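Reviewing the structure listed below.
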Amino acid sequence: MSLEIKDDEIDIVIGAVSSDMTSFLNEWRPIFSRFHLIIVKDPDLKEELKIPEGFNLDVYTKSDIDRVVGSSTSILFSGYSCRYFGYLVSLKKYIISVDNDCLPARDNKGFLVDAVAQHITNLTTPATPFFFNTLYDPFSEGADFVRGYPFSLRSGVKCALSCGLWLNLADHDAPTQALKTRQRNSRYVDAVITVPARALAPISGINIAFDREVVGPALVPALRLAGEGKFRWETMEDIWSGMCVKVVCDHLGLGVKSGLPYVWRTDRGDAISSLKKEWEGVKLMEEVVPFFQSVRLPRTATTAEDCVVEVAKAVKEQLGSTDPVFARAAGAMLDWVKLWKSVGSSSSPPGV
Amino acid sequence: MAEPATISPATLLKDELDIVIPTIRNLDFLEMWRPFFQPYHLIIVQDGDPSKNIKVPEGFDYELYNRNDINRILGPKASCISFKDSACRCFGYMVSKKKYIYTIDDDCFVAKDPTGKDINALEQHIKNLLSPSTPFFFNTLYDPYRAGADFVRGYPFSLREGVPTAVSHGLWLNIPDYDAPTQLVKPLERNTRYVDAIMTIPKGTLFPMCGMNLAFNRELIGAAMYFGLMGDGQPIGRYDDMWAGWCTKVICDHLGLGVKTGLPYIWHSKASNPFVNLKKEYKGIYWQEELIPFFQSVTLPKDCTTVQKCYIEISKQVKAKLGKVDEYFIKLADAMVTWIEAWDELNPSGAKSAELPNGAAK
């Protein structure tokens, strides 16, 4: 059922928020070496990047970012958001992006998980957002639609986004991890599911893949916390971006999958010290979630760019006065769409 | 009496849960379940020929109802209970006096988890029902209340208390619950994937509810668990649990209750005949194309604050909108009303059915 995808249709984009990429790339070598990599160095990072030999890659640094987007908009790409620059300049159809503190995981049988292959499978088999299949992904080997699943919904829709999970250090927020300092995720759940239409979820940016041509503009580097830092506990940019993508996908009739593949997330940082910074993000979610649950896009928005512009308008109107971070996010979303149109390579309307 | 070592140490809800089993042949399968089921009360609903004697294995505490009993207890209202179809099991829900129900088919056995250990399906269902659900926002790490899991970053704290769980929908290893066309195309496919997860089905999302391995809070949602008119004299079969599931989910969404799916697994041993199934399901396969959009668009008014009121309202809409699809739905709508009348007679109000303030529904 899945399409034949050539390696040269894929870019692997890594945001380098720390400088030593040696063990990261060496661990991923068996899986990454066939593909073209885009490494974007966090413009705030002072040290030189250490990158081992033997990869087909392009590295972008602050000067590249400034040159391409101008130093006034380059603010969009600092910290974890540096990876979005990679999405912008990529020429490929599919992008896979993992945080640079994640390594390949092992499945229940002890085999190394090829996260790239699994993400590609997720993106190239249909999603089923309109009715929940209790045996999970009906397109995986050994599974199918269950009794009671309407036949007219069995062809599914295009999957635009694939969100993977994490073993070891799961993506909990700082308060949760601080409370359960020793808790690590050891449960390997062998499933991929489609997140149902209109259901929202916190889509973590740690391990994702997407169809750049169809939804690239909807992954927006927009929500920057005042105290944003260099640990995931100190950011919300990916959560905001993920909610935006889900709303856009729901509107355009595209699918979002969650589940496999897993990556192994190394222990890094201290939840308790991040607690002070992340509190802002935790509070903001109380506004963010009801907003995205209620946002409605007009029928005239038929591309991801159109949708992002509409969401940005709604953000400004409904959240702009609640907190300056939202007004800035709305502005950043519009800047991003402008950049996408001028710098980004062709995107195609969905449903093609 | 089984060895103490094989009985679950914490026999949760021993006096608050009934196990409802529809059967037409025998109950030999209970032997395998003995270590897990023996502490609980069973309600056996005997379908088919009432003169047949169904042997219940020694040592179980049970009540058994055949068609004569159903007719005697319900009188004219017995018309809403299906004959010659496992849909008759819902009679068991109606006569139960307990807070929780677990229902299982007589061809479902104890499965093993990936470590080789026997799965106590009943215990897992109870855990599912006793912990909250999270229908308003999907947790990507699945059930956050399980040991070793939690809510992920970005999950609003105000939603972390969750809502009461009304339904726990379990799954099946070995023979999967496929419809007849799929069975015909893939007669040898077996479900061997053990997915170690429980998840809440989001609000606004419908699903195909299978009655083979199902538990629910009878007080919270029992009145919605009508398994419809199936089998003898009816144009359709094998859609009983589907019907109940769609009604139940719409009502749960309206009242702010949760529905979980996933663990526990049971081992489904018997593949029914796909040609027989096709005959039964045939109409359903066409009708469900109308039924799904119907249920997806049902809205219940604010003053429907109990399950019964919601259910009667749905029956009105079934009659109005689905009556055009087939006369069957007019009969079904009437049967739905009869069911509620019978339910209320056997379960006098004030005591059991929960009235939830509409503020709970988001």
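Throughout, a chain's letter reflects where its sequence line sits, starting with A, and its residues are numbered from 1. As the structure is a computational prediction, the values presented were derived from the model and not from experiment.
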Item to complete: Please assess Ile292(B) against Phe130(A) for the test side-chain contact (heavy atoms from CB on, under 4.5 Å), listing each intermediate value before the final yes or no.
Response: CA-CA 10 Å; Ile292(B) 300 307; Phe130(A) 303 121; over 6 Å; no
Response to the item:
Applying a strict 4.5 Å limit to non-hydrogen atoms, the region of Glu281(B) in contact with chain A is side chain
Worksheet, complete the sentence: If one checks every heavy atom of Ile201(B) against chain A at 4.5 Å, the contacting part turns out to be side chain
Item to complete: Let me know if Ala143(A) has heavy atoms under 4.5 Å from chain B in its side chain, its backbone, both or neither.
Response: both
Fill in: Contact winner vs chain B - Val146(A), Val288(A), Asn108(A), heavy-atom pairs under 4.5 Å
Val146(A)
Practice prompt. Could you look at Pro135(B) and say if it's the side chain, the backbone, both or neither that has a heavy atom under 4.5 Å from chain A?
Written response: neither
Item to complete: Go through the steps for Met236(A) and Arg153(B) under the test side-chain contact (heavy atoms from CB on, under 4.5 Å), then give the verdict.
Response: CA-CA 8 Å; Met236(A) 275 294 174; Arg153(B) 177 173 54 101; 4.2 Å; yes
Worksheet entry | Taking every non-hydrogen atom, the tightest pair across Tyr142(B) and Ala191(A) | OH-O, 4.0 Å
Worksheet entry | Shortest non-hydrogen separation from Arg193(B) to Ser140(A) and the atoms involved | NH1-OG, 3.5 Å
Worksheet entry | N/O donor-acceptor pair under 3.5 Å between Gln296(B) side chain and Phe131(A) backbone | no
Discussion item. For the interface with chain B, which of Pro129(A), Ala199(A), Gly142(A), Ala197(A) has the highest count of heavy-atom pairs at distances below 4.5 Å?
Written reply: Gly142(A)
Discussion item. Checking Phe157(B) against Asp173(A) for the side-chain contact (heavy atoms from CB on, under 4.5 Å) test, could you report, in this order, the C-alpha distance in whole Å, the side-chain angles of both residues, the deciding distance, and whether it holds?
Written reply: CA-CA 11 Å; Phe157(B) 274 77; Asp173(A) 52 47; 3.5 Å; yes
Item to complete: Decide side-chain contact (heavy atoms from CB on, under 4.5 Å) for Tyr155(B) and Ile239(A); before the verdict, give the C-alpha distance in whole Å, the side-chain angles of both, and the deciding distance to 0.1 Å.
Response: CA-CA 9 Å; Tyr155(B) 205 105; Ile239(A) 306 296; over 6 Å; no
Worksheet entry | Region of Ser152(A) in contact with chain B, defined by heavy-atom distances below 4.5 Å | both
Practice prompt. Go through Arg154(A) and Asp179(B) one step at a time and tell me if the salt bridge (Lys or Arg N to Asp or Glu O under 4.0 Å) criterion holds.
Written response: CA-CA 13 Å; Arg154(A) 293 192 189 198; Asp179(B) 53 45; 2.5 Å; yes
Discussion item. For Arg198(A), is the CZ atom crowded, meaning more than 12 foreign heavy atoms sit under 6.0 Å from it?
Written reply: no
Item to complete: Can you measure from CG (Asp144(A)) to NZ (Lys186(B)) and round to the nearest 0.5 angstrom?
Response: 3.5 Å
Worksheet, complete the sentence: Heavy-atom nearest pair, Asn185(A) first then Gly148(B), reads OD1-O, 4.3 Å
Discussion item. Quick check on Leu165(A) against chain B: is it the side chain, the backbone, both or neither that has a heavy atom closer than 4.5 Å?
Written reply: side chain
Response to the item:
Interface check, chain A: of Met209(B), Met199(B), Arg190(B), most non-hydrogen pairs under 4.5 Å belong to Met199(B)
Fill in: Ile193(A) versus chain B, the contacting section by heavy-atom distance below 4.5 Å
side chain
Response to the item:
In short, Val189(A) meets Ala197(B) closest at the heavy-atom pair CG1-CB, 3.6 Å
Worksheet entry | Leading residue by heavy atom contact count with chain A [cutoff under 4.5 Å; candidates Thr182(B), Leu141(B), Asn139(B)] | Leu141(B)
Item to complete: With a 4.5 angstrom heavy-atom cut-off, could you sort out which part of Phe145(A) is near chain B: side chain, backbone, both or neither?
Response: backbone
Worksheet item: Given the options Ile285(B), Asp241(B), Asp150(B), which has more heavy-atom pairs under 4.5 Å with chain A than any of the others?
Response: Asp150(B)
Fill in: Proximity breakdown for Asp238(A) and chain B, heavy-atom pairs closer than 4.5 Å
side chain
Fill in: Engaged part of Ala180(B) at the chain A interface, taking heavy atoms whose separation is under 4.5 Å
neither
Worksheet item: Between Trp166(A) and Thr140(B), is any pair of side-chain heavy atoms under 4.5 Å apart?
Response: yes
Worksheet item: In terms of heavy-atom pairs under 4.5 Å with chain B, which of Leu153(A), Ile203(A), Thr176(A) leads?
Response: Thr176(A)
Worksheet entry | OH/Tyr282(B): more than 12 non-hydrogen atoms of other groups inside 6.0 Å | no
